[in-house]
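In what follows, every heavy atom counts, from backbone to side chain, and hydrogens, waters and symmetry copies are set aside. Proteins get letters first, then strands, A, B, ... in listed order; numbering begins at 1 in each.
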Amino acid sequence: MTMKFAFFADLSDFLQSQYGVSVPEIPVELCPPQFTGDITVNCFPLAKALRRNPMELAAALCAQLASHSDIEAVSAVKAFVNITLRPAALMRDTVADRDALLAAVALPAVERRRVLIEFSAPNTNKPQHLGHVRNNTVGMATASILERAGHDVVRVNLVNDRGIHICKSMLAYQRFGAGVTPASSGKKGDHLVGDFYVAYDKELRKQLAALRLDKPALADKTDEELFLETEIGMAAQEMLRAWEQNDPAVRALWETMNQWVFDGFAVTYRRMGVEFERTYLESQTYMLGKDIIRDGLERGVFKKRDDGAVIIEFDDPSLGTKVVLRSDGTSVYVTQDIGTTMLKQNDFQPDQQIWVVGDEQIRHFKVLFAILKALGYSWADQLTHMAYGMVNLPSGKMKSREGTVVDADELFDEMETLARDATVEKAGDDLPENLDERARVISMAALKFMLLKVNPKTTIMFDPQASIKFEGDTGPYVLYAYARICSMLRKAAAASDVTAGALDWALLKEPAERMLALRCALYPELLQKAARDLDSSALAGYLLDLAKDFSGFYRNCPVLNADDASLRTTRLALSETVRVILADGLRALTINTLESM
RNA sequence: GUACCUGUAGCUCAGUUGGAUAGAGCGUCUGGCUACGGACCAGAAGGUCGGGGGUUCGAACCCCUCCAGGUACGCCA
């Protein structure tokens, strides 16, 4: 725990003199509510380090601390020493120095690194869905958290803009498109292209059914096996070949349709606040990696198998053997990834690369990292696959074929409508001028917070009916606490007739005030934990706790209506600290705030 | 078949160098604004932490085993 209390120094001296062992960190935690105290020293781990009996150690610490000038009361319960601090000392060591508290959020310079994080990675054959929304949200928040912790962060996207699936929507457009464009149809480009991808699939299904009827001998084969037996399958394959040979007509159509999709993605990204320093296109990187394979073959990292394929045999039996170059000399998926990893390394020289990619690719990244390590790159130990879980619906997995995907743009629209309705309902007679902005901010806060408050690796159950909430453990709850503080500060600034009292932290004695101050002091630790563990949920959970503690304080401790001018001033200062931390933490989650809602 | 992930309250989820009586939100039930914003607050009910065994002063957490669900094991991406 990074909370530092002045009495630690005296405690440390006592332990040194008494037991002859220096204890660099005093393990202190928040005192559970069922016990009396602000903070607790757990003597079990301490006793282990000192080789002492935990209960006796607790009793000794208790006796020692009882006379300390910062401490009001202390009691030992079993091996736990519960400490109640004097108000002035508690506040002095937690919130009195706001700048120091916020400065403690960033890691010391020696621990800062340059981190390259890749996320989103959409395909240009269809619009983005809820799964992408989770990826984008987690990617942006993780990048932002790392940045707040002091790291130098580079965000990159790798767009999958080529391949057979892209040709499918192109082919369907050629056949059924009749020259329609986003402008002529009024449809967002990525949605328009997605429609043709669906149209292709429909036609393929039709042809597959006809084929099976026609040739019963083929009926047992899978769709995949029969793909090239169908006319439209063959045509897509042919188009891919033409694309690879730079056929001008195919390339022109590809350029046009991809641009439609990029335009559509830009809108989706803007709504989410997603930005990249660099967007790589697979069409420009998919040929990379072969040189590295050839070089590795010469150095004996890889072998040529009898059938001509280039392979790597891992020492780790669980990884087995992996083909890295086909017998016809072309690349496989992992070959391209080797190439793009090198490219990113050369372009930005990061100390660490992070991929935000679904957990179904855990094995792929294990293999990729093992290959790069076998190739001897010094940075190969600093590669991280941030595997996040799927988003499932109550009806099961999202399947585009069955039309059960939750479309990103539609989801944003629906949530915005709900947020607007809720805002209108609460506003009563006087509608705010910035109703649209409020609806946008509140709905996006609700969605992002819902995705960020759970551990990224957890599989999420998204129930459209139940998941869209603005009450309880939600983004809007945190925004609401923020808005209430802003409201108080506005009123305080406007109330010129009220004389300002002197700041006096010793006046804050209420349990809710103490709790709130201690919570504030925990912020640096929690943000650093979120950064270290690549876990936004640690930060989101903390912000919820902070907002809850503030709500309790707000309820129990009058601020503007405090009896005493000094008390009013000091409570306002505490509220301002909470506001600043909420703003800082929400920004690290890429969630915008509102001064009124 | 093999490997990895998951299993905690009716539901959705927290819970790490193993530490006090396992927490929160939603839902249900009961209260609370002539106090600064009720998107709020206070309280109640709700648990053999998937089952069993082991290690330990102490296990939701570590080990073994079984059960249930998911994912991955391509010269697809």
Side-chain angles (χ1 to χ4, degrees), chain A residues 27 29 31-32 34-35 40 42-45 48 53-55 77-80 82 121 123 160 162-165 224 282 286 305 307-311 317-320 322-337 358-364 366-367 387 389-390 392 394 397 419 422-423 425-426 442 446 450 453-455 457-463 466-467 469-481 483-488 491-492 495 529 533 537-538 540-541 544-545 547-548 551-552 554-562 568 571-572 575 596-597:
Chain A
E29 49 205 68
C31 185
Q34 63 267 31
F35 298 98
T40 297
N42 180 348
C43 290
F44 280 110
K48 194 165 276 181
N53 178 302
M55 315 293 171
V77 181
K78 294 191 237 179
F80 296 89
N82 298 326
N123 296 321
N160 187 328
R162 63 161 285 281
I164 190 76
H165 53 300
E224 216 170 308
E282 202 187 291
Y286 79 106
R305 210 161 54 184
D307 59 7
V310 179
I311 60 163
S318 75
L319 293 179
K322 175 71 189 170
V323 170
V324 292
L325 220 49
R326 294 194 189 96
S327 43
D328 66 1
T330 56
S331 297
V332 295
Y333 180 36
V334 77
T335 319
Q336 298 174 31
D337 261 6
D359 58 11
E360 73 275 7
Q361 293 203 35
I362 286 174
R363 188 189 169 81
H364 167 74
K366 251 189 190 161
V367 168
M390 301 282 100
N392 289 336
K397 294 182 65 175
T423 306
E425 189 187 328
K426 286 165 208 301
I442 292 168
M450 181 201 76
K453 76 173 180 183
V454 308
N455 190 300
K457 70 181 182 194
T458 315
T459 301
I460 291 184
M461 172 70 74
F462 180 83
D463 183 344
S467 296
K469 284 259 157 52
F470 302 139
E471 288 151 23
D473 277 358
T474 63
Y477 176 86
V478 181
L479 288 191
Y480 186 65
R484 291 214 287 201
I485 298 172
C486 291
S487 173
M488 281 196 310
K491 286 188 174 158
K529 176 179 163 55
D533 300 345
S537 67
L544 273 176
D545 286 340
K548 279 182 208 175
S551 294
Y554 184 85
R555 175 71 189 168
N556 291 310
C557 305
V559 178
L560 299 178
N561 301 327
R568 179 175 182 274
R571 282 181 174 166
L572 263 178
S575 302
S596 306
M597 61 185 281

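- Rounding to whole angstrom units, CD of residue Gln361(A) and P of G74(B) are separated by 14 Å.
- Distance, Glu471(A) CD to G27(B) C1': 12 Å, rounded to whole Å.
- The CD atom of Glu360(A) sits 14 Å away from the C1' atom of C73(B) (whole-angstrom rounding).
- Spacing between atom CG of Asn42(A) and atom P of G58(B) amounts to 16 Å, rounded to whole angstrom units.
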TODO: Indicate for each nucleotide in nucleotides 3-18 of chain B, in 5' to 3' sequence, whether protein heavy atoms under 4.0 Å reach the base (B), only the sugar-phosphate (S), or nothing (-).
DONE: ---S-----SSS--B-
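- Between C41(B) and Tyr477(A), a contact under 4.0 Å exists linking OP1 or OP2 to a side-chain N or O.
- Heavy atoms of Cys31(A) sit nowhere under 4.0 angstrom from any nucleic acid atom.
- For Asp473(A), the listed nucleotide lying nearest its side chain is G25(B); candidates were A20(B), G25(B), A77(B).
- In the set C26(B), G37(B), U71(B), the nucleotide with an atom closest to the side chain of Met597(A) is G37(B).
- When the side-chain nitrogen and oxygen atoms of Arg484(A) are compared with OP1 and OP2 of G38(B), one or more of them lie within a distance under 4.0 Å.
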- [ ] Would you write the dot-bracket representation of RNA chain B, where each base gets (, ), [, ], | or . depending on whether it forms a Watson-Crick or G-U pair under 3.5 Å and with which partner?
- [x] (((((((..((((.....[...)))).(((((.......))))).....(((((..]....))))))))))))....
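- Arg555(A) comes within contact range of at least one nucleobase, with a heavy-atom separation under 4.0 Å.
- The CD atom of Glu425(A) sits 12 Å away from the C1' atom of G38(B) (whole-angstrom rounding).
- For the pair Lys548(A) NZ and A39(B) P, the interatomic distance rounds to 17 Å; values are reported in whole Å.
- A sub-4.0 Å separation between OP1 or OP2 of G37(B) and a side-chain N or O of Ser487(A) is present.
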